[in-house]
Amino acid sequence: MLSVILASLIFLVTLVFVIWQPRNLSIGWSACGGALLALLLCDEQHANGYD
């Protein structure tokens, strides 16, 4: 449950940065930042049930 909340929060923050584009930040940089956060903070194998 916690990983779902964390993934949703990362998605929403990334979406805000993609739409808002602070300091003319490219959409690609915002998306890469969100992807990097997801990789660092979310345990993909655990979420899928793999050991």
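This one's a predicted model, so the numbers in the text were calculated from it and none came from an experiment.
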Student: Hey, can you pull the donor-acceptor pairs under 3.5 Å for the side chains in residues 5-20, sequence neighbours left out?
Tutor:
from: S8; atom 1: OG; to: V4; atom 2: O; distance (Å): 2.8
from: T14; atom 1: OG1; to: I10; atom 2: O; distance (Å): 2.8

Student: Does L2 sit in a hydrophobic cluster with other residues, and if so which ones, taking ILVMFWY side chains as linked at heavy-atom separations under 4.5 Å, directly or through other members?
Tutor: none
Student: Supply the atom-to-atom distance C32 SG to L37 CG, rounded to the nearest 0.5 angstrom.
Tutor: 11.5 Å
